[in-house]
Amino acid sequence: MGLRLTNTLTGCKDEFVPSDPQYIKMYACGVTVYDKCHLGHAMQAILYDIFARYLRFKGYKVTYVRNFTDVDDKIIARASQLGVSPLELSDQMIEISRRDMLSLKVKPADFEPRVSEYIPQIIAYIQDLMTKGFAYVGQDGSVYFRVRLKEDYGKLSRQNISELRCGVRKDVETGKEDPVDFALWKVEETPGATWDSPWGRGRPGWHIECSVMASEILGDSFDIHGGGRDLVFPHHENEIAQSEAKSGGTYARYWVHNGLLTVNRQKMSKSLNNFISIEDAVRDYGYELIRFNIYQYHYQSNIDFSAQGFFLGLSRLYSMYRTRQRVIDYMARHDLTPQSANSHPGFHQAFCEAMDDDFNLPRVMVVIQSVLQSQNEIMDKKFSAQNAMELLSLESLLHNILPILEIGLREPQEFFHEIHSRYLALKSLTFAWVTEKIELRMKHRTDKNFAMADQIRDELLALGVSLLDSRDKTSWELSEKALEELILLK
RNA sequence: GGCGACAUGGCCAAGUGGUAAGGCGAGGGAUUGCAAAUCCCUUAUUCCCCGGUUCGAAUCCGGGUGUCGCCUCCA
């Protein structure tokens with residue numbers, strides 16, 4: 001069963017055939033570290049992390065590279081504003097970014113190169129382009145890429161060079177031979193962010209870094225190159241132009257582009273000031289809810305962030321842990337151990353088919369939904385050895401696939417405790433108070449004084465605490481309304 | 001102005017030629033002292049509009065309309 005991937009280069013969902021049948025090389029554009037990352041960056045990082053995890057799950061060896069852009073106009077501007085050196089600022093931001101990724105349970109990529117560490121290679125690369133005639137020193141002393149010489153320029157974004165020129169493009173650099181050319185090396189002298197080169201002191205242009213770092217680590221040609229949809233043009237187009245001009249061969253074989261996180265349908269971005277930082281998002285919603293919501297959409301779609309959407313996710317996540325807890329209790333009661341069964345073949349296949357179909361996470365979520373439902377169904381039935389085995393195989397399946405997604409892995413008790421404490425604190429209530437109320441109601445119930453018992457239950461429900469009576473005891477959880485309140489207050 | 005993507009029930013969202021997944025919501029049932037939770041059933045003859053191709057289209061083609069992204073840094 002093979003993976004199929006939507007390839008921006010062809011515009012089709014292509015069968016994915018790695019150049020080496022066992023080894024996949026993947027590169028994803030990381031962030032420019034001039035400020036804290038926001039939820040949109042989180043979405044991208046989570047997605048490519050999952051792709052890498054799934055490919056490994058399928059048995060491939062994977063090398064995954066995700067870069068940090070630490071040399072850039074914005075970094076320089078920001079650093080001078082803050083009165084620190086550009087690399088000091090980017091050091092700080094990289095550290096924060098790593099912490100953010102950790103808090104989202106995103107595994108580090110195998111390589112996380114920084115532009116500033118690849119300056120000699122970038123210079124050599126540009127020199128090579130120059131000897132091949134693709135690069136030239138412009139009138140302003142900077143080095144540019146001769147776009148028109150690359151005949152298939154525009155093949156990724158389907159842009160036509162002659163049409164580009166009549167665009168609303170501003171600030172055309174004066175040193176270029178042709179307005180469509182782009183900078184490889186910008187000559188200037190900002191302290192702390194420039195290096196000596198054959199063309200004078202300066203720094204790398206916008207797109208060269210990815211080409212250089214990708215080829216240094218993965219080689220001239222590799223399997224998957226990913227990034228946000230907003231990078232298709234010009235960033236990825238230019239990467240292809242440079243890389244293929246230099247190597248003469250194919251650069252990335254499959255181009256994957258994820259959708260963007262939007263707010264009121266508009267892209268989440270610093271400039272629109274409609275962003276939420278990863279730090280804030282994790283604090284307010286938790287990493288798991290963020291991931292859970294991302295999985296409701298295909299990676300190519302934009303995800304419109306809204307509190308209402310997050311509420312839906314929370315109520316389903318809550319429900320997931322309810323089942324997780326129920327399974328744990330059930331296994332304890334019947335003395336079952338999870339290791340004693342193989343992964344459920346039917347659902348295992350369904351999961352792989354969904355992932356193989358262009359990483360169709362919404363379909364994966366349906367599979368998980370069905371697994372949980374089947375577990376509940378089994379536990380609703382009379383106990384039998386056969387049912388127990390079925391339950392264990394479902395459990396074994398979840399143990400296999402949930403670590404790829406990083407959801408549903410916590411101790412349910414811990415999950416509930418966290419969310420319940422937050423809610424109770426919000427309402428200035430305590431666990432002890434709720435327990436007291438429940439015990440009081442229990443007395444009324446055993447006395448068959450249902451009117452009083454129901455009154456207490458209604459009182460608690462009005463506060464968002466919903467009671468669940470089982471044969472011997474009463475437990476409680478948060479009502480839908482309470483969950484909604486918890487999210488909407490953010 | 002150019003390029004690209006998207007438009008599916010009250011809401012969210014899968015689905016690239018074979019007769020509309022799933023979730024939320026709503027209604028009914030099993031269960032329950034009554035509830036909650038859980039499970040079961042029902043809830044789009046139809047996929048923005050108009051043409052075309054085809055035995056057959058949400059899916060392909062042409063033309064509209066609308067939304068978004070890119071063409072300046074952007075995941």
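Computed over heavy atoms, backbone and side chain alike; hydrogens, waters and symmetry mates excluded. So that the names make sense, note that chain A is the first sequence line, chain B the second, and so on, each numbered from 1.
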Q) For the side-chain contact (heavy atoms from CB on, under 4.5 Å) test, which of A/Leu89, A/Leu87, A/Thr32 pairs with A/Asp70? A) A/Leu87
Q: Look at all strands and tell whether A/Val31 reaches a base, only sugar-phosphate, or nothing, counting heavy atoms closer than 4.0 Å.
A: sugar-phosphate
(Q) Heavy atoms only, 4.0 Å cut-off, all strands: where does A/Met379 land among base, sugar-phosphate and nothing? (A) nothing
Q. What are the residues of residues 316-328 of chain A, sorted by number, that bring a heavy atom to within less than 4.0 Å of RNA chain B?
A. A/Arg316, A/Ser319, A/Arg322, A/Arg326
Would you kindly give the [atom1]-to-[atom2] distance between [X] and [N], to the nearest whole Å?
| X | N | atom1 | atom2 | result |
| --- | --- | --- | --- | --- |
| A/Ile438 | B/A36 | CD1 | P | 17 Å |
| A/His235 | B/A75 | NE2 | P | 9 Å |
| A/Lys481 | B/A35 | NZ | P | 20 Å |
| A/Leu372 | B/G23 | CG | P | 12 Å |
| A/Leu314 | B/C24 | CG | C1' | 13 Å |

Q | B/G29 to B/A20 separation - C1' atoms, rounded to the nearest Å | A | 26 Å
**Q.** B/C40 versus B/C48 - spacing of their P atoms, nearest Å
**A.** 31 Å
Between [options], which one does the side chain of [X] approach most closely?
| X | options | answer |
| --- | --- | --- |
| A/Ser466 | B/G33, B/A36, B/C71 | B/A36 |
| A/Asp230 | B/G23, B/A75, B/A36 | B/A75 |
| A/Cys29 | B/A75, B/U16, B/A13 | B/A75 |
| A/Leu231 | B/C71, B/A75, B/C24 | B/A75 |
| A/Asp72 | B/C73, B/C40, B/A14 | B/C73 |
| A/Phe450 | B/U16, B/A37, B/G33 | B/G33 |
| A/Asp380 | B/U38, B/G69, B/C34 | B/U38 |
| A/His298 | B/A14, B/U16, B/A75 | B/A14 |
| A/Arg457 | B/C34, B/G15, B/C39 | B/C34 |
| A/Tyr297 | B/C73, B/A14, B/G69 | B/A14 |

Q: Assert yes or no for the condition that the ring centre distance of A/Phe310 to A/Phe305 is strictly below 6.0 Å.
A: yes
Q) Phosphate oxygens OP1/OP2 of B/G69: is one of them under 4.0 Å from a side-chain N or O of A/Lys267? A) no
May I ask you to decide whether [X] forms a salt bridge with [Y], counting only side-chain N to carboxylate O separations under 4.0 Å?
| X | Y | value |
| --- | --- | --- |
| A/Arg146 | A/Asp181 | no |
| A/Lys427 | A/Glu485 | yes |
| A/Glu288 | A/Lys105 | no |
| A/Asp140 | A/Lys176 | no |
| A/Asp329 | A/Arg333 | no |
| A/Asp35 | A/Lys270 | yes |

Got a donor-acceptor pair under 3.5 Å from the side chain of [X] to the base of [N]?
| X | N | answer |
| --- | --- | --- |
| A/Arg363 | B/A21 | no |
| A/Asp469 | B/C34 | yes |
| A/Asn302 | B/G69 | no |
| A/Arg445 | B/G33 | yes |

Q: Identify the nucleotide, in any strand shown, that forms a Watson-Crick or G-U wobble pair with B/G66, with both distances under 3.5 Å; if there is none, say none.
A: B/C6
